[in-house]
Amino acid sequence: MAAALTAVALRAVIPWRRNRPCMASLGLQTRWVASSSSPETGDAEIRLTDSCIQRLLEITEGSEFLRLQVEGGGCSGFQYKFSLDTVINPDDRVFEQGGARVVVDSDSLAFVKGAQVDFSQELIRSSFQVLNNPQAQQGCSCGSSFSVKL
């Protein structure tokens with residue numbers, strides 16, 4: 001588990017390209033696609049920023065995608081967890097934009113529906129982040145944990 005986590009952390013930090021052109025340079029439009037076994041749509045969307053799409057296209061290979069989960073913990077009660085995965089479970093929702101995929105399980109989706117996933121590069125860290133989460137009341141200063149609106 002630690003080795004897999006280290007590999008994911010390295011992929012998120014080390015900037016490299018896999019001979020994939022940047023979407024902006026191709027003039028491609030972003031298309032939103034969601035698949036699910038349930039009929040809900042609209043406010044249950046997860047949107048991806050252009051920087052998130054670009055980074056996912058750089059670091060994923062083949063059937064890999066970014067998995068977003070919400071777990072109990074962190075300084076505000078809940079925390080976001082990102083990992084690269086290849087297995088889609090029956091209760092997963094798949095959100096695809098511009099060829100990049102983010103998968104969220106149905107339990108976690110209740111905590112992030114309507115949110116936006118971004119990739120941020122700063123001097124001290126580079127990471128995927130959840131922005132504009134309508135289900136979050138407040139978050140901690142690092143952006144990794146949040147409390148839920150009641």
Checking the side chain of [X] only, and the main-chain atoms of [Y] only, is there a donor and an acceptor separated by less than 3.5 Å?
{"X": "Ser51", "Y": "Phe119", "value": "yes"}
{"X": "Ser108", "Y": "Val104", "value": "no"}
{"X": "Gln97", "Y": "Ile53", "value": "no"}
{"X": "Arg55", "Y": "Asp50", "value": "no"}

Between Asp92 and Ser106: side-chain donor-acceptor atoms closer than 3.5 Å:
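On atom types as modelled, these side chains do not qualify, holding no pair under 3.5 Å.
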
Verify the distance criterion only: is there a donor paired with an acceptor across the side chains of Gln129 and Asp118 at less than 3.5 Å?
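Side chains of Gln129 and Asp118: no pair found under 3.5 Å.
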
Any side-chain heavy-atom pair from [X] and [Y] closer than 4.5 angstrom?
{"X": "Ile88", "Y": "Arg101", "value": "yes"}
{"X": "Val117", "Y": "Phe82", "value": "yes"}
{"X": "Leu66", "Y": "Val103", "value": "no"}
{"X": "Val102", "Y": "Phe65", "value": "no"}
{"X": "Glu122", "Y": "Ser120", "value": "yes"}
{"X": "Tyr80", "Y": "Val70", "value": "yes"}

Any chance you could measure [X], atom [atom1], to [Y], atom [atom2], to the nearest 0.5 Å?
{"X": "Cys52", "Y": "Arg47", "atom1": "SG", "atom2": "CZ", "answer": "12.5 Å"}
{"X": "Ile59", "Y": "Glu64", "atom1": "CD1", "atom2": "CD", "answer": "8.0 Å"}
{"X": "Thr86", "Y": "Glu61", "atom1": "OG1", "atom2": "CD", "answer": "11.5 Å"}

Smallest separation among heavy atoms of [X] and [Y], with atom names:
{"X": "Val112", "Y": "Gln135", "answer": "N-CG, 4.1 Å"}
{"X": "Phe78", "Y": "Gly72", "answer": "CD2-CA, 4.2 Å"}
{"X": "Asn133", "Y": "Ala115", "answer": "CA-CB, 3.8 Å"}

Check salt bridge (Lys or Arg N to Asp or Glu O under 4.0 Å) between Asp85 and all other residues, then give those that pass, not counting sequence neighbours.
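Only Arg67 meet the salt bridge (Lys or Arg N to Asp or Glu O under 4.0 Å) criterion with Asp85.
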
One thing to verify: whether Lys81 and Glu71 come together as a salt bridge, which I'm taking to mean a side-chain N less than 4.0 angstrom from a carboxylate O.
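A salt bridge is present here (some side-chain N lies under 4.0 Å from a carboxylate O).
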
Quickly, which of Leu109, Val130, Asp105 forms a side-chain contact (heavy atoms from CB on, under 4.5 Å) with Leu68? Name it, please.
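Checked Leu109, Val130, Asp105 against Leu68; only one passes side-chain contact (heavy atoms from CB on, under 4.5 Å): Val130.
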
